[in-house]
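First listed ligand is number 1; within each ligand, the first listed atom is number 1.
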Amino acid sequence: MPTHSAAEKPEKKVEKYLDLGHSEVENHAKAQQKVFEEHVSRTSSASRIISEFFSTNIFGFVYHYLRSRFGKRHPYHAYPSEGDRGIYQLTSSVPSRETVTLALLSDWGSDTTESDAVAHLVARYAPDYTIHLGDIYFVGTPHEVEENFTAPYASWYYGASGSLALCGNHEMYSNGAAYYQRLLPAMYVNVDGVKKSQRAAFFCLENEHWRIIGLDTGYTSVGRPFLEVLSPPDCHLRDEQMAWLRDVVKLNDPNDKRGLVFLSHHPYISAFREDYFKPGEQLCELLGEAARPVVWIWGHDHRLVGYHLGQNRSELQAYGRCIGHGGMPVETKMPHNDKEADKLAFYDRRVRTRIKRHELGYNGFCHLQLEGARLTATYRDLEDTTVMEECWKINLENANLDWEIKEKHKDLTCFD
Ligand SMILES: [Fe+2]
């Protein structure tokens with residue numbers, strides 16, 4: 001573990017993320033503040049502290065801010081027409097075991113005591129695959145990628161069968177450069193003993209019953225200055241990704257009745273903040289006759305929420321699950337009105353701690369287990385408590401998806 005992390009109290013670290021807005025200015029400022037504090041923690045020279053303050057906090061902030069707002073976005077990555085096409089067979093890392101397990105974490109890249117605790121818990125379960133659903137704080141810089149994922153002391157757990165990362169809006173606050181250049185080369189899928197590096201921000205893991213499709217909503221989540229006021233970013237799936245879904249994944253094949261699990265950073269449905277219907281609309285149109293209820297897991301909202309089977313301006317019915325409680329302060333407030341609250345099926349509103357006037361919930365992750373036609377999702381908090389366990393069963397004859405709750409914590413808030 002880095003010495004500066006160990007020196008800070010947990011409350012100190014998590015406080016930086018309280019009231020975190022979604023403006024790039026604010027996030028850049030906080031990234032620079034973090035750089036500054038780390039410099040301070042490593043030096044005892046007063047003059048050094050002052051000089052670091054000016055060089056990193058002010059000039060550094062302006063530099064990063066301008067680069068992010070006006071700099072060039074990193075080129076988009078898609079799969080080549082031959083070789084690695086981004087579809088991989090779900091494989092257990094234990095040859096004699098048929099069950100395949102995945103740990104899903106979102107908004108985890110915060111380098112806090114809490115995110116470390118969640119990662120260490122993931123390691124105890126040793127899932128075959130680990131997937132980050134995006135957002136590395138504050139602005140997805142190389143340093144932040146290193147601290148969370150690639151440094152020798154970083155706590156991210158790399159699954160033996162694969163470790164993959166989606167792109168969030170925070171990675172794009174620094175134009176996606178560190179995400180594409182530093183993080184993706186460290187991510188991989190193990191194919192017959194060979195680690196294939198992750199090449200694009202979207203992918204498909206599949207077996208005979210299920211297809212788990214990672215979607216990239218991050219690249220189109222951040223707009224250009226001024227223009228975004230007139231035309232707000234809608235997180236649409238870019239043409240390269242749509243072509244891949246159509247021509248390589250063949251999502252529109254009506255004979256393919258496998259269960260579909262979509263993963264994305266941005267929510268298809270949200271009762272709390274803006275939701276993003278565009279990707280769902282695009283998928284619904286592409287699926288055509290093959291449209292059927294899906295499981296869709298996302299982050300972005302810093303809480304653990306399950307939505308009733310529903311849709312958002314398209315016919316695509318989804319069991320929406322928000323798992324943005326990976327490493328940031330977890331929110332527990334109810335939606336602003338009853339109409340929004342009606343969308344909720346369950347919501348972990350348990351209070352773990354209070355900092356200043358804030359009541360913070362429990363960080364955690366989603367543990368997926370695939371066994372034949374059954375897909376079980378277990379939501380574990382950082383104390384290794386089962387908050388909720390639910391199960392879907394896919395019928396390969398008619399693509400019917402059955403759902404049932406297996407277990408729930410006595411203090412989990414559930415809605416009829
Ligand atoms: Fe986000």
Peer 1: Donor-acceptor pairs under 3.5 angstrom involving side-chain atoms of residues 364-378: please list them, not counting sequence neighbours.
Peer 2:
unit_1: Gln369; atom_1: NE2; unit_2: Thr378; atom_2: OG1; d: 3.2
unit_1: Thr378; atom_1: OG1; unit_2: Glu389; atom_2: OE1; d: 2.7

Peer 1: Under 2.8 Å from the Fe ion (ligand 1) - does any N, O or S atom of Asp135 fall there?
Peer 2: yes
Peer 1: Asp384: which residues meet the salt bridge (charged side-chain N to carboxylate O under 4.0 Å, His left out) condition with it, sequence neighbours left out?
Peer 2: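 Result, salt bridge (charged side-chain N to carboxylate O under 4.0 Å, His left out) vs Asp384: Arg124.
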Peer 1: Looking at the Fe ion (ligand 1), is there an N, O or S atom belonging to Ser221 that lies under 2.8 Å away from it?
Peer 2: no
Peer 1: Regarding His300, does it place an N, O or S atom less than 2.8 Å from the Fe ion (ligand 1)?
Peer 2: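 It does: His300 brings an N, O or S atom closer than 2.8 Å to the Fe ion (ligand 1).
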Peer 1: Mind checking whether the Fe ion (ligand 1) has an N, O or S of His266 under 2.8 Å?
Peer 2: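 Short answer: no, not a single N, O or S atom is under the cut-off.
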Peer 1: Answer yes or no: is there an ion pair linking Glu331 with Lys333, defined by an N-O contact shorter than 4.0 Å?
Peer 2: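 Result for this pair is no, no salt bridge flagged.
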Peer 1: Is the closest side-chain donor-acceptor distance between Thr385 and Arg380 under 3.5 Å?
Peer 2: no
